[in-house]
Amino acid sequence: MKPWAPLVKFFVLTYALMWACFITVAVTGIPVYAPLGGVLVLLGTFAPSLVALWLTSRTEGDTGVRALLGGVVKWRVPVRWYLFALAYIPAIKLTAALIHRVATGAWPRFGDDPWYLILAGITVSTPFQAGEEIGWRGYALPRLAARFGLGRASILLGLIWACWHLPQFFIPEADTYGQSFFVYLLQVTALSVALAWLYARTNGSLLLVMLLHAAVNNAKDIVPSALPGASNPFALSASLLAWLTVTLLWICAGYFLTTMRHRAEKLE
C-alpha cells in the first residue's frame, strides 16, 4: 500500500460520512433536536474517530486500536497543561475584549452564562470530543507530521478540519449558521496549531486535546463574536471582535510554530 493511501482514505471517508449526514439535515430541514436529526448529527460528528478506528483495526488489529485509544486516558501530565487547556480560549477572548475597549472606547457584549455553567459544560463535553480527536489528532496528525513536520502538518490538518465543518454553516440551529466561513477557517487553522502543540507537549495525550477542544466550544461565547443577522457564509464580513480573535490566535500560533521548529517535537 502506498504511504499516502491510509491518510487519503481517512480524509475521504471522514468527509463522505460527515457531509452525507449534515447535508441531509441541511437540505431536508430535519431539526437537529428531533430523533433522526440528532442521530445524523451525532454520526457525522463522530465520523473522524469512527473512520480512524475502522482503518486502524483493519491494518493494525486490536493492538493498534488499543494504542490509538490509549491517548484518551493519558491523564498523567503536569497540571500546567490542564490549566492551559482550560484557560487558553478565555484568555484570548478576554484580551480581544480589552483591545476592543481600548480601540473603540466601548466594551463588546459579554456572554450571559456564569463561569460555573461554562466549567460544567466543558466537563460534560470533554468525553464527547473523542468523537473528533481520536481521528484528527490521534490518527491523522502523527501521519501528517511524519511527512511534513509538526508545524506544517498542524496547518494542513487545520485547513482540512475547518473545511470538514462547512455543511454546518447551512444548518439553522448551528451557531455558525450564516457566519463567515473564511474567518472560521482562519480561526480553526490557528486552533489546530495550538492543539498540535499541546498534543506534542503532553506526549500524545488526547485527553488534554479533548479538554482544550471542549473549552473552545463552551467558553468561546464568554465574549460572543458572531455577527448578528449574517446570512452568507462566503462573505468576508465579520465583527471586529472576530477579527481581533483571529489576530490573537495567529499571534499565539506563530509562537507555537516557532517552538515546534526550534525543538524536535515527537508524537507518540
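Sequence positions, counted from 1, serve as the residue numbers for this chain.
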Heavy-atom pair with the smallest gap, counting every atom of [X] and [Y]:
{"X": "Phe169", "Y": "Pro233", "value": "O-CG, 3.9 Å"}
{"X": "Ile122", "Y": "Ala214", "value": "O-CB, 3.7 Å"}
{"X": "Trp164", "Y": "Tyr15", "value": "N-OH, 3.0 Å"}
{"X": "Ser154", "Y": "Ser192", "value": "O-OG, 2.7 Å"}
{"X": "Gly111", "Y": "Pro224", "value": "N-CD, 3.6 Å"}
{"X": "Ala162", "Y": "Phe181", "value": "O-CE1, 3.5 Å"}

Crowded around Phe170 CZ? As in, over 12 foreign heavy atoms under 6.0 Å?
->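 More than 12 within 6.0 Å, yes.
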
Taking everything shown except Phe182 itself, do over 12 heavy atoms lie less than 6.0 Å from its CZ?
->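 Not buried by this count: 12 neighbours or fewer within 6.0 Å.
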
Between Trp81 and Trp197, what is the ring plane arrangement, given parallel below 30°, perpendicular above 60°, and tilted in between?
->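 Correct class here is perpendicular.
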
Classify the angle between the aromatic ring planes of Tyr88 and Phe256 as parallel (below 30°), tilted (30 to 60°) or perpendicular (above 60°).
->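 Plane angle between 30° and 60°, so tilted.
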
List for me each residue that meets side-chain contact (heavy atoms from CB on, under 4.5 Å) alongside Phe46, sequence neighbours excluded, and say none if there are none.
->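 side-chain contact (heavy atoms from CB on, under 4.5 Å) check on Phe46 returns Leu42, Leu50, Phe128.
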
So do the side chains of Phe10 and Trp136 get within less than 4.5 Å of each other, counting heavy atoms only?
->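 Yes; the side chains approach each other to less than 4.5 Å.
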
Run the side-chain contact (heavy atoms from CB on, under 4.5 Å) check on Asp175 and Lys220 step by step: do they pass?
-> CA-CA 11 Å; Asp175 57 6; Lys220 60 182 174 57; 2.7 Å; yes

Flag, side chain of His213 to backbone of Thr126, donor-acceptor distance under 3.5 Å |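 The answer is no, because no donor-acceptor pair under 3.5 Å joins these two groups.
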
Could you give the distance from CG (Leu185) to CH2 (Trp161), rounded to the nearest 0.5 Å?
->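 It comes to 11.5 Å.
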
Nearest 0.5 Å, what's the CD1-OG1 distance between Ile160 and Thr189?
->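 Reported to 0.5 Å precision, the distance equals 10.0 Å.
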
Check against side-chain contact (heavy atoms from CB on, under 4.5 Å), Val51 and Phe11 | CA-CA 9 Å; Val51 172; Phe11 290 129; over 6 Å; no

